[in-house]
Amino acid sequence: MKKRLAKNIFLNINPIKKFRTIKIQIDFLRPLNKDEMTSRRLLANVLSNSTKDYPSFQAINDREMDLYGSEINVYTRNLLNFNDLAFSVEFADPAFLIDGKTQIKDNLDLLGEIIFKPNLDGTNFDNEAFSTEKRNLMSNLLSIQDNQDLVSSLGLIKLIYRDDPNRQVPIFGSVEQLEKLKNDQLLKAYQDIIANDLVIINVVGNIDETEFLEYLNESIFAEKLKNDRNDLTISFSNFDNLIKNPANQIEHKHLNQSRIGLAYATEGVSKDFNRLAPQVMNLILGGDDQSQLFLQVREKNSLAYSVSSTYQPISHLVTIQAGLDAKSIEEALRLINDQIAYIKNGKVTDEQIKHAQKVMLTRRKISTDSIQYYIMRSIWETIYPKTLLTNQQFEDELDNLDKKHVASVATHMHAIAQYQLIGD
């Protein structure tokens with residue numbers, strides 16, 4: 001069932017019987033805004049750990065246990081050019097319970113409590129709840145400096161999006177913003193989200209669609225999600241300036257191990273482009289334990305403790321991350337470029353293509369064994385359906401892929417950013 005509850009409020013119910021749990025997820029989306037990253041992440045923490053009727057984390061946890069171990073999750077993430085504040089509850093299918101007649105309704109009500117009944121003290125969030133979660137988030141943000149892999153990733157991201165200010169602040173926020181964030185400001189941010197964000201409700205599991213719709217109409221969701229919401233416009237980052245003038249940064253720290261991060265734009269591949277070619281190219285380059293980077297840079301030449309590549313389909317970016325000794329950086333960079341040239345020059349073997357195709361197909365099959373796969377697919381169907389392939393389309397693209405397609409991707413890889421974190 002797909003239903004529009006109001007302008008830009010969508011309900012998608014997928015009554016799949018293959019799982020032993022049911023999941024309800026509510027996503028609140030708006031354009032990425034650097035000034036809202038921290039408040040939305042703090043909101044996720046404040047809302048998930050205390051409510052009006054369950055004023056402590058222990059009280060919420062006790063209620064989850066009453067519902068046979070239901071699991072509440074609240075987080076923020078980047079989705080396209082949007083900030084997604086997501087709320088979910090996953091719970092046991094009542095068909096497997098001795099007494100589960102009200103299980104679906106009770107969990108829907110609990111999720112509604114988390115979202116719409118915050119723990120307030122007059123006109124602000126409860127001060128203890130606010131102060132505790134602000135302190136916890138501050139501790140997490142400060143600890144980032146101890147995670148050098150994350151520091152390297154964030155350094156590379158800042159270079160990649162140097163022309164996009166709204167991507168300069170990480171999705172989990174910043175210390176500078178958090179220090180200034182006050183209780184009343186957080187409440188205003190919450191009220192704005194509830195009133196204006198585009199909303200997608202997804203339900204996946206063994207569920208009767210008509211029955212669930214009745215529960216929804218009788219719940220707090222019917223009252224709170226009836227007004228029209230703001231439109232969202234999809235936009236994509238442009239890397240033309242970086243292709244002409246790549247960004248480079250070197251930082252020095254007192255570390256035992258150095259890190260390098262490299263980014264490549266893959267726009268402008270050949271006209272006979274295969275849609276899965278970038279993913280296959282990435283697997284051969286560094287996305288698998290049989291990849292060129294792993295075998296040549298790490299195993300054969302021992303130039304890195306770790307090295308891998310990833311491909312981001314929406315932004316068409318290939319990124320490479322490596323952990324290594326400072327004295328090995330130049331040789332490692334040379335060998336990384338050699339592996340890109342290996343693919344670019346058509347030296348990829350038929351066995352490598354077949355292995356990558358098998359890995360792609362296996363990963364897709366494995367992914368369909370999770371509820372989250374169906375929720376994410378439903379979200380994409382709602383906001384950006386052109387990115388999706390049916391299973392048949394996926395298999396056809398894989399079958400039609402050859403070395404020419406893979407080489408074409410590597411040929412059109414443009415180095416746009418390089419970040420080095422040097423251990424002194």
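Remark: R20 is positioned above the aromatic ring of F96, its terminal NZ or CZ atom under 6.0 angstrom from the ring centre and at most 45 degrees off the axis.
Panel note: side chain S50, backbone S56; no donor-acceptor pair is recorded below 3.5 Å. With hydrogens and angles ignored, the 3.5 Å screen pairs no side-chain donor or acceptor of H412 with any backbone N or O of V409. With hydrogens and angles ignored, the 3.5 Å screen pairs a side-chain donor or acceptor of N81 with a backbone N or O of T233. For the pair Q418 (side chain) and L156 (backbone), a donor-acceptor distance under 3.5 Å is absent. A distance-only check finds no donor-acceptor pair linking the side chain of D126 to the backbone of D121 [under 3.5 Å]. When atom types are taken as modelled, the side chain of K134 and the backbone of L178 share a donor-acceptor pair closer than 3.5 angstrom. In terms of modelled atom types and a separation under 3.5 Å, the side chain of Q321 and the main chain of S308 share no donor-acceptor contact. Within the 3.5 Å criterion, the main-chain N or O of N45 finds a donor-acceptor partner in the side chain of N49. The closest donor-acceptor contact from the side chain of N301 to the backbone of Q296 lies under 3.5 Å. Side-chain N or O atoms of S48 include one that pairs as donor or acceptor with a backbone N or O of A44 at under 3.5 Å.
Y54 and A59 get closest at one heavy-atom pair: CD2-O, 3.7 Å. Nearest heavy atoms, P15 versus I207: CB-O, 3.4 Å. The two atoms that bring H316 and T266 nearest to each other are O-OG1, 2.7 Å, heavy atoms only. Looking at every heavy atom in both residues, R364 comes nearest to L389 through NH2-O, 2.8 Å. Here the closest non-hydrogen pair linking L32 and L80 is CD1-O, 4.3 Å.
The environment of CD in Q312 is crowded: more than 12 heavy-atom neighbours from other residues, nucleotides or ligands sit within 6.0 Å. No more than 12 heavy atoms of other residues, nucleotides or ligands sit less than 6.0 Å from atom CG of N256. Summarising the local packing, NZ of K52 is surrounded by 12 or fewer heavy atoms from other residues, nucleotides or ligands at distances under 6.0 Å. Residue K2 qualifies as enclosed at atom NZ: its count of foreign heavy atoms under 6.0 Å is above 12. Surrounding CD of E71 are at most 12 heavy atoms belonging to other residues, nucleotides or ligands under 6.0 Å away. Counting non-hydrogen atoms of other residues, nucleotides and ligands closer than 6.0 Å to NZ of K101 gives a total of 12 or fewer.
The closest side-chain heavy-atom distance from D338 to Y342 is not below 4.5 Å. Proximity of L324 to I329: side-chain heavy atoms (C-beta onward) are separated by under 4.5 Å at one or more points. Contact check for H252 versus I250: side-chain heavy atoms found under the 4.5 Å cut-off. By the 4.5 Å heavy-atom criterion applied to side chains, S237 and R167 are counted as neighbours. With contacts defined as side-chain heavy-atom distances shorter than 4.5 Å, the pair L198/I9 does not qualify. When side chains are defined from C-beta on, V406 counts as touching I343, because their heavy atoms get closer than 4.5 Å. Looking at L5 and F10, their side chains never come closer than 4.5 Å, going by heavy atoms from C-beta outward. L285 places none of its side-chain heavy atoms less than 4.5 Å from the side chain of F294.
Under 4.0 Å is where a charged nitrogen must lie from a carboxylate oxygen, and between E36 and R30 at least one such pair does. The residues D369 and K18 are annotated as salt-bridged, a charged nitrogen and a carboxylate oxygen being separated by less than 4.0 angstrom. Under the 4.0 Å criterion applied to side-chain N and carboxylate O atoms, D184 and K182 are not assigned as salt-bridge partners. A salt bridge links D149 with R259; the closest basic N to acidic carboxylate O contact falls under 4.0 Å.
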Task: side-chain contact (heavy atoms from CB on, under 4.5 Å) evaluation trace for N61 with Q58 - done: CA-CA 5 Å; N61 187 253; Q58 184 62 54; 4.2 Å; yes
- [ ] Take R63 and E113, measure what salt bridge (Lys or Arg N to Asp or Glu O under 4.0 Å) needs, and give me the verdict at the end.
- [x] CA-CA 11 Å; R63 181 54 178 157; E113 172 89 19; over 6 Å; no
TODO: Carefully, step by step, assess F87 and Y75 under the rule ring-ring contact (aromatic ring centres under 6.0 Å, His included).
DONE: CA-CA 7 Å; F87 301 81; Y75 57 90; 9.0 Å; no
- [ ] Test K158 against Q249 for side chain to side chain donor-acceptor pair (under 3.5 Å), laying out the working first.
- [x] CA-CA 10 Å; K158 283 190 175 183; Q249 184 178 358; over 6 Å; no
TODO: Would you check, one step at a time, whether the test side chain to side chain donor-acceptor pair (under 3.5 Å) holds for D27 with Q25?
DONE: CA-CA 7 Å; D27 293 83; Q25 181 165 311; 3.1 Å; yes
- [ ] Could you give me the CA-CA distance, side-chain angles and deciding distance for D164 and Q168, then say whether side chain to side chain donor-acceptor pair (under 3.5 Å) is met?
- [x] CA-CA 7 Å; D164 188 348; Q168 288 291 310; over 6 Å; no
Task: Derivation of the side chain to side chain donor-acceptor pair (under 3.5 Å) call for T51 and N119 - done: CA-CA 4 Å; T51 73; N119 184 11; over 6 Å; no
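Within the structure, every pair that satisfies the salt bridge (charged side-chain N to carboxylate O under 4.0 Å, His left out) test and touches residues 223-248, not counting sequence neighbours, is listed here: K7-D231.
Considering only residues two or more places apart in sequence or on other chains, K188 meets the salt bridge (charged side-chain N to carboxylate O under 4.0 Å, His left out) condition with none of them.
Aromatic ring orientation, F221 versus F116: perpendicular (interplanar angle above 60°, classes split at 30° and 60°). The aromatic rings of F239 and Y161 sit tilted, their planes meeting at an angle between 30° and 60°. Using a 30° and 60° split on the angle between ring planes, F236 and Y384 fall in the tilted class, from 30° to 60°.
Side-chain polar atoms of Q372 and K23 form a donor-acceptor pair below 3.5 angstrom. For the 3.5 Å distance criterion, the side chains of K253 and Q145 qualify, holding a donor opposite an acceptor. Under 3.5 Å, the side chains of N73 and S88 contain no donor-acceptor pair of N or O atoms. With 3.5 Å as the limit, one finds a donor-acceptor pair spanning the side chains of D325 and Y305. Using modelled atom types, one finds no donor on one side chain facing an acceptor on the other under 3.5 Å when comparing S70 with E64. Side-chain contact of T76 with R41: a donor-acceptor pair under 3.5 Å is present, judged by distance alone. At a cut-off of 3.5 Å, with distance as the only test, no side-chain donor of S378 or N14 sits close to an acceptor on the other residue. Counting only N and O atoms by type, the side chains of Q352 and Q292 include a donor and acceptor under 3.5 Å apart.
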